[in-house]
**Student:** 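Below is the structure I would like to discuss, written out as structure tokens.
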Amino acid sequence: MSSGFLPLETLSPTETLEIENGLSLVPRVKLNFTVHPSLPSSATKPIDEWKLKRSLIEFAKTSLSITIPEDDLEIRRFKDVKKRKRDDPVAHGSLSIRDLGFLNSKKRNEKDSEDLKILVKKFRDWRDYVVEKMDQMEVNLQGEKYRLSVAVPESDDFEGMKKLWEEFYAFANKGYVRGGRQEPDTIVMKGVPSRWVAEPRVSSKPSMLVTHTVFSAFGKIRNLNITEDDDQDKDADENGGDIISGLHCKIVVQFEKHRDFYNALKVLCGRSLQKQGSRLKADYEVTWAKDGFFRNSRSQARENSRVPAAGRGHYRNEAPRDEPHLSQFTADDTRRKRFKE
């Protein structure tokens, strides 16, 4: 853990967190939207993405007093618009609001829990206000009218995820039991740039060692798994582009303590990943795992042990529970490493 690492409990939703390997978690408000036609003619005509972008940027500037760069506004048209029903959406997308400094009215004392609670409430109230202003708004694009449905992504709603796991474990009759309570301990991150957790000048593939170092900043790790994120490749191909596999990875990390899982998930929600020296901000998706990933993967790991390493889909395989920090490297690697706490 770096010397400048702030206690996670004191981090406000508008603060940047510097972690390891030149990576930072930068705050943002992300909103997903779906575009529905308001007129019969609008349902069968391809939407003008550029005009819609300009309309949303202007609305944000005049009605919300915020500036959204074009790069932070993504719009994707649905295919075969002419075959869709009148009420079917014609496009979907997302926008990210990254300049949140105006929410910090004064310098906050890290130890003042009341200040933190006030700032968290202010942040959530403002985010809810933006959603309320944009949801069901009508956009007129030179005679063609559309209506937007806007919502906060599930992966950005920490309180919503917390409610889900509390309900799940309240009625679940299986899973880990610690101190008489069943609690989640596993986080899943999708859409992480593979090169950002790779060993420099060694490989472009994610490194178990680098990833372990990065996530150890949040707490003691029990298990760790890295695979290619195929869903990201499918999303990239939605507009007709070529699929380039291996650009993103999915990370599944299990912590020893529920408290570390809780703090890590809370900090990862509502933030983007940034690499020092890069202008790119990776808007990953994060959630909690309830399907016993590492328990279920033991049989799969034994199955993979019978297959040559070069033919496996995983970069690294999860180690047995009695050797949680031993990683088996693939054919691209030349050695084994044992993690030390």
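Predicted, not measured: the structure shown is a model, and the values here were computed from it.
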**Student:** Quick check against the 3.5 Å criterion: does Lys30 have a side-chain atom that pairs as donor or acceptor with the backbone of Pro153?
**Tutor:**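 Absent.
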
**Student:** Output the distance between atom NE2 (His36) and atom CD (Gln136), rounded to the nearest 0.5 Å.
**Tutor:**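 Reported value, rounded in 0.5 Å steps: 7.5 Å.
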
**Student:** Quick check: does any side chain N or O of Arg271 sit under 3.5 Å from a backbone N or O of Ser24, one acting as donor and the other as acceptor?
**Tutor:**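 Side chain of Arg271 to backbone of Ser24: no pair is present.
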
**Student:** Taking the side chain as every heavy atom from C-beta outward, state whether Tyr146 and Leu52 have any pair of such atoms under 4.5 Å apart.
**Tutor:**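 Side-chain contact under 4.5 Å: no.
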
**Student:** Apply salt bridge (charged side-chain N to carboxylate O under 4.0 Å, His left out) to residues Arg124 and Glu159 and explain how you reach the verdict.
**Tutor:** CA-CA 11 Å; Arg124 290 175 182 166; Glu159 293 301 322; 3.0 Å; yes

**Student:** Taking the side chain as everything from C-beta on, heavy atoms only, tell me whether His212 gets closer than 4.5 Å to Ile221.
**Tutor:**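 They are in side-chain contact.
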
**Student:** Rounded at 0.5 Å granularity, tell me how far OG in Ser216 sits from CD1 in Ile19.
**Tutor:**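 Going from the OG atom of Ser216 to the CD1 atom of Ile19 covers 11.0 Å.
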
**Student:** Taking salt bridge (Lys or Arg N to Asp or Glu O under 4.0 Å) as the criterion, tell me which of Lys281, Arg279, Arg98 meets it with Asp72.
**Tutor:**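 That would be Arg98.
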
**Student:** Counting only N and O atoms by type, is there a donor-acceptor contact under 3.5 Å from the side chain of Asp135 to the main-chain atoms of Val150?
**Tutor:**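 Side chain of Asp135 to backbone of Val150: a pair is present.
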
**Student:** Any side-chain heavy atom of Met134 within less than 4.5 Å of one from Leu95?
**Tutor:**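 With C-beta onward as the side chain, the pair touches.
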
**Student:** Excluding sequence neighbours, so at least two apart, what forms salt bridge (charged side-chain N to carboxylate O under 4.0 Å, His left out) with Glu132?
**Tutor:**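 Glu132 satisfies salt bridge (charged side-chain N to carboxylate O under 4.0 Å, His left out) with no residue once adjacent residues are dropped.
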
**Student:** Of all the heavy-atom pairs spanning Val210 and Val197, show the shortest one and how long it is.
**Tutor:**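 Of all heavy-atom pairs spanning Val210 and Val197, the closest is CB-O, 3.6 Å.
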
**Student:** I need the Leu25 CG to Leu268 CG distance, nearest 0.5 Å.
**Tutor:**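 These two atoms lie 5.5 Å from each other.
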
**Student:** Would Phe102 and Trp126 count as a close aromatic pair, with their ring centres under 6.0 Å?
**Tutor:**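 Centroid separation for Phe102 and Trp126: below 6.0 Å.
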
**Student:** For Glu166, does the CD atom sit with more than 12 other heavy atoms under 6.0 Å from it, leaving out its own atoms?
**Tutor:**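 More than 12 heavy atoms, drawn from other residues, nucleotides or ligands, come within 6.0 Å of this atom.
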
**Student:** In the single-linkage hydrophobic clustering (I, L, V, M, F, W, Y; side-chain heavy atoms under 4.5 Å), do Leu23 and Val26 co-cluster?
**Tutor:**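 Hydrophobic grouping puts Leu23 apart from Val26.
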
**Student:** Verify, without hydrogens or angle tests, whether Ser42 (side chain) and Lys145 (backbone) share a donor-acceptor contact under 3.5 angstrom.
**Tutor:**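 Pair found, side chain donor or acceptor close to backbone of Lys145.
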
**Student:** Could I get the full list of salt bridge (charged side-chain N to carboxylate O under 4.0 Å, His left out) partners for Glu58, not counting sequence neighbours?
**Tutor:**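 Glu58 satisfies salt bridge (charged side-chain N to carboxylate O under 4.0 Å, His left out) with no other residue.
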
**Student:** Would you call the rings of Phe218 and Phe255 parallel, tilted or perpendicular, where under 30° means parallel and over 60° means perpendicular?
**Tutor:**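 Correct class here is perpendicular.
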
**Student:** Could you go through the salt bridge (charged side-chain N to carboxylate O under 4.0 Å, His left out) check for Arg54 and Glu70 one step at a time?
**Tutor:** CA-CA 8 Å; Arg54 298 312 308 169; Glu70 280 194 36; 3.1 Å; yes

**Student:** Check for me, please, whether Ile57 and Trp50 land in the same ILVMFWY cluster - side-chain distances under 4.5 Å, paths through other members count.
**Tutor:**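 Unlinked, Ile57 and Trp50 end up in two clusters.
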
**Student:** More than 12 heavy atoms of other residues, nucleotides or ligands under 6.0 Å from CD of Glu138: yes or no?
**Tutor:**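 Yes, CD of Glu138 has more than 12 neighbouring heavy atoms, counting only those of other groups under 6.0 Å.
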
**Student:** Test of understanding: clusters of I, L, V, M, F, W, Y form through side-chain heavy atoms closer than 4.5 Å, transitively. Do Leu64 and Val131 belong to the same one?
**Tutor:**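 Shared cluster, yes.
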
**Student:** Run the salt bridge (charged side-chain N to carboxylate O under 4.0 Å, His left out) test on Asp283 and Arg28 for me, step by step, so that the C-alpha distance in whole Å, both residues' side-chain angles and the decisive distance to 0.1 Å come before the verdict.
**Tutor:** CA-CA 9 Å; Asp283 290 332; Arg28 52 114 173 98; 3.3 Å; yes

**Student:** Taking atom CG of Leu273 and atom OH of Tyr284, what is their separation to the nearest 0.5 Å?
**Tutor:**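 Going from CG on Leu273 over to OH on Tyr284, the span is 6.5 Å.
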
**Student:** Is there a donor-acceptor pair closer than 3.5 Å between any side-chain N or O of Lys275 and the backbone N or O of Asn21?
**Tutor:**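 Flag set: sc Lys275 to bb Asn21 pair under 3.5 Å.
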
**Student:** Distance from Leu103 atom CG to Lys122 atom NZ, nearest 0.5 Å?
**Tutor:**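 Here the interatomic distance stands at 5.5 Å.
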
**Student:** What I'd like to find out is whether the side chain of Ser155 reaches to under 4.5 Å of the side chain of Lys190, using heavy atoms alone.
**Tutor:**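 In short, these two side chains do not touch, never coming nearer than 4.5 Å.
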
**Student:** Working note: Trp165 + Phe261, criterion ring pair (Phe, Tyr, Trp, His ring centres under 6.0 Å); need CA distance, chi angles, decisive distance, verdict.
**Tutor:** CA-CA 12 Å; Trp165 85 56; Phe261 155 86; 5.3 Å; yes

**Student:** Just verifying a value: how many Å separate Asn263 CG and Lys257 NZ, rounded to the nearest 0.5 Å?
**Tutor:**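 Reported value, rounded in 0.5 Å steps: 11.5 Å.
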
**Student:** Are there more than 12 heavy atoms of other residues, nucleotides or ligands under 6.0 Å from atom CZ of Arg195?
**Tutor:**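 Count not over threshold, so no.
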
